[in-house]
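What you see below is based on every heavy atom in this structure, not just the backbone, and it leaves out hydrogens, waters and symmetry mates. Letters go in sequence order (proteins before strands), and every chain restarts at 1.
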Protein chains: 2
Amino acid sequence: MDARSPTSSRQSPWLPFESRRRARDEKREAVLRMAVQLFLEQGYHRTTLNDVAERLNITKPALYNYFRGKDEILFECWAIGNERVDDCITGIASGGGTGLAKLRKLIVSYAEVMTTDYGKSLVRFDVRDLTEHNRRIVNTAKRKIDRAFRDYIAEGIADGTIKPCDPKLSAFAIAGSLNWIGHWFHPGGPMAAQAIAEEFAIRLTEGIATTSTRKKAGKPPRKTKTSREDRSEHHPRTAARAAGQSQRARNRLR
Amino acid sequence: MDARSPTSSRQSPWLPFESRRRARDEKREAVLRMAVQLFLEQGYHRTTLNDVAERLNITKPALYNYFRGKDEILFECWAIGNERVDDCITGIASGGGTGLAKLRKLIVSYAEVMTTDYGKSLVRFDVRDLTEHNRRIVNTAKRKIDRAFRDYIAEGIADGTIKPCDPKLSAFAIAGSLNWIGHWFHPGGPMAAQAIAEEFAIRLTEGIATTSTRKKAGKPPRKTKTSREDRSEHHPRTAARAAGQSQRARNRLR
DNA sequence: CCCGTATATTACCCACGGGTAAGAAATAGT
DNA sequence: ACTATTTCTTACCCGTGGGTAATATACGGG
């Protein structure tokens with residue numbers, strides 16, 4: 001059965017009787033990688049902590065060395081995805097450009113995140129499975145993302161690059177299309193993540209942009225796909241990432 | 001607490017010590033109305049059959065007179081929503097019009113369904129909570145809906161009312177926006193369901209339509225349609241409805 | 001080599017909730 | 001009014017799975 005499909009990057013750090021001295025954080029992340037994968041594959045409620053532990057060659061109580069409980073694992077998966085979106089937003093906010101340009105950038109980045117496991121967790125996980133405290137954090141973050149879409153649209157209307165429209169409704173329409181990616185996209189499919197992202201950036205803005213954005217004919221479809229290590233949550237660890245969200249930084253009090 | 005908010009149409013037919021002789025089907029539908037409401041409000045897994053029964057002034061085992069189990073209740077909720085979408089599709093297919101016109105009609109109808117409880121169940125419920133058999137039915141129906149979107153787009157490209165584009169990707173983009181309605185729409189909000197539906201029909205097609213669809217100023221928003229009894233799953237029982245799906249017709253074998 | 005700490009295991013607890021059995025209460029038919 | 005049938009209730013079963021306690025094993029430092 002299953003024969004250890006090569007999908008999920010490298011193996012678990014707990015190879016049965018082998019060097020088991022990985023750094024704590026690496027193991028923690030390995031748990032999250034496996035958990036998000038199983039949560040997406042089977043659904044949160046159908047995934048037991050035994051499932052997660054078993055696939056990592058450990059037992060359930062060992063997980064409690066790294067997490068307070070199941071809901072915290074869920075939250076941390078979500079937090080990683082949110083961190084990535086948040087990086088996109090701050091990156092776009094720092095750079096200049098018209099409202100339309102910013103909106104397109106956001107669409108591309110957001111769409112790409114949506115094709116990753118952690119990105120999917122932003123829309124596939126149910127906020128009601130979290131504690132009251134974490135649920136509030138999630139809702140705040142969601143409002144921030146929504147605000148980014150609306151602000152860029154409003155900015156575009158103000159600077160003339162976007163036709164007058166209701167920013168709220170347009171943001172819902174765009175975000176809906178993008179979030180839906182997290183439901184249908186599967187890495188093995190015919191379209192590469194990056195190609196989808198760029199296609200959506202055009203498609204979703206060509207209705208509201210003032211300048212006609214008919215695809216420049218000369219552009220060859222060579223986009224090289226997501227290139228190396230295409231699937232499996234690459235976790236770039238770019239410098240200056242630590243400034244992301246305030247929560248989640250502390251490596252568990254212990 | 002809650003004070004019996006006026007959202008959910010009329011009360012349960014099992015008022016504690018009152019005429020309890022409602023027809024079987026009415027009670028069955030009352031169960032479904034309450035169930036879909038609770039499933040949406042609390043989530044399927046957090047809603048117990050006791051919750052459903054209690055709010056109907058009965059006890060859990062009484063539900064088993066009408067349904068085989070929890071997952072069947074879920075399925076029937078989904079089936080009602082699907083029936084409505086299916087009616088839209090067959091209605092559009094029977095009438096004529098360009099590809100673009102059909103697509104717009106579908107968007108309007110689908111969006112309106114998405115603002116109802118049963119419509120939301122199409123996108124908020126998890127297929128994996130169903131039995132293998134019912135899951136197959138759901139997936140088949142979903143493919144049919146997807147096909148309708150793609151076909152109308154392809155038709156529009158063929159008849160020149162829609163710009164050349166990838167029907168699959170465009171269908172995903174449009175369906176994503178519409179499905180998302182089922183996540184954010186709440187009947188108490190500032191926008192009426194019908195207004196949203198018509199706005200989306202314009203917004204989602206203005207990018208791919210060949211004819212400029214800038215909102216014709218003269219069009220008064222009188223469309224009547226869903227008009228009276230706007231919320232709360234009115235269940236029109238229109239004639240010739242029974243021909244809908246083959247499944248679900250039989251009132252449980254018993 | 002010994003001890004303290006971190007890490008993992010085995011063996012358990014128990015609340016929750018879907019589902020069932022047996023029988024009471026209402027209903028319909030004649 | 002008596003019976004057959006449907007409908008509903010009380011009382012229970014039990015599998016599941018999150019979480020914990022006690023303990024064993026590995027590891028690092030002196």
Exercise. Taking the six-membered ring of Phe39(A), is NZ or CZ of Lys120(A) closer than 6.0 Å to its centre and within 45° of its axis?
Worked result: no
Seminar exercise, completed: note: Asn65(A), atom CG; dA21(D), atom C1'; distance rounded to Å ~ 14 Å
For this session: Establish, yes or no, whether the cationic atom of Arg135(B) lies under 6.0 Å from the six-membered ring centre of Phe75(B) and within 45° of the ring axis.
Result: no
For this session: Would you check if the side chain of Arg128(B) reaches a backbone N or O of Glu41(A) as a donor-acceptor pair within less than 3.5 Å?
Result: yes
Problem set entry | Pair Arg33(B) + Asp117(B), salt bridge at N-O below 4.0 Å | no
Exercise. Looking only at N and O atoms, is any donor in the side chain of Lys60(B) or the base of dG19(C) less than 3.5 Å from an acceptor on the other one?
Worked result: yes
Exercise. Can you check whether Thr59(A) has a side-chain N or O nearer than 4.0 Å to OP1 or OP2 of dA8(C)?
Worked result: no
Exercise. With respect to the phosphate group of dT20(C), does any side-chain polar atom (N or O) of Tyr64(B) fall under 4.0 Å of OP1 or OP2?
Worked result: no
Seminar exercise, completed: To the nearest angstrom, the CZ-P distance between Arg28(B) and dT6(D) comes to 16 Å
For this session: Kindly say if Arg24(A) contacts the phosphate of dT7(C), meaning a side-chain N or O under 4.0 Å from OP1 or OP2.
Result: yes
Exercise. Counting just side-chain N and O atoms, does Tyr66(A) come under 4.0 Å of either OP1 or OP2 of dA8(C)?
Worked result: yes
For this session: Compare the minimum distances between each of dT7(D), dT7(C), dG19(C) and the side chain of Leu49(B), then state the nucleotide with the smallest one.
Result: dG19(C)
Exercise. Between atom NZ in Lys70(B) and atom C1' in dT16(D), what is the gap in whole Å?
Worked result: 14 Å
For this session: Return the value, rounded to whole Å, for the distance between atom CG of Asp71(B) and atom C1' of dG19(C).
Result: 12 Å
Exercise. Can you tell me how far P of dT7(C) sits from CG of Asn57(A), to the nearest Å?
Worked result: 18 Å
Problem set entry | Nearest-angstrom distance from the residue atom CZ of Phe67(B) to P of dT7(D) | 13 Å
Exercise. How many Å lie between CD on Gln42(A) and C1' on dG17(D), as a whole number?
Worked result: 14 Å
Exercise. Can you tell me if the side-chain N/O atoms of Thr48(A) get under 4.0 Å from OP1 or OP2 in dG17(D)?
Worked result: no
For this session: Can you tell me the distance, in whole Å, between the CD1 atom of Ile73(B) and the P atom of dG19(C)?
Result: 9 Å
Exercise. Do His45(A) and Asp129(A) have side-chain atoms, one donor and one acceptor, less than 3.5 Å apart?
Worked result: yes
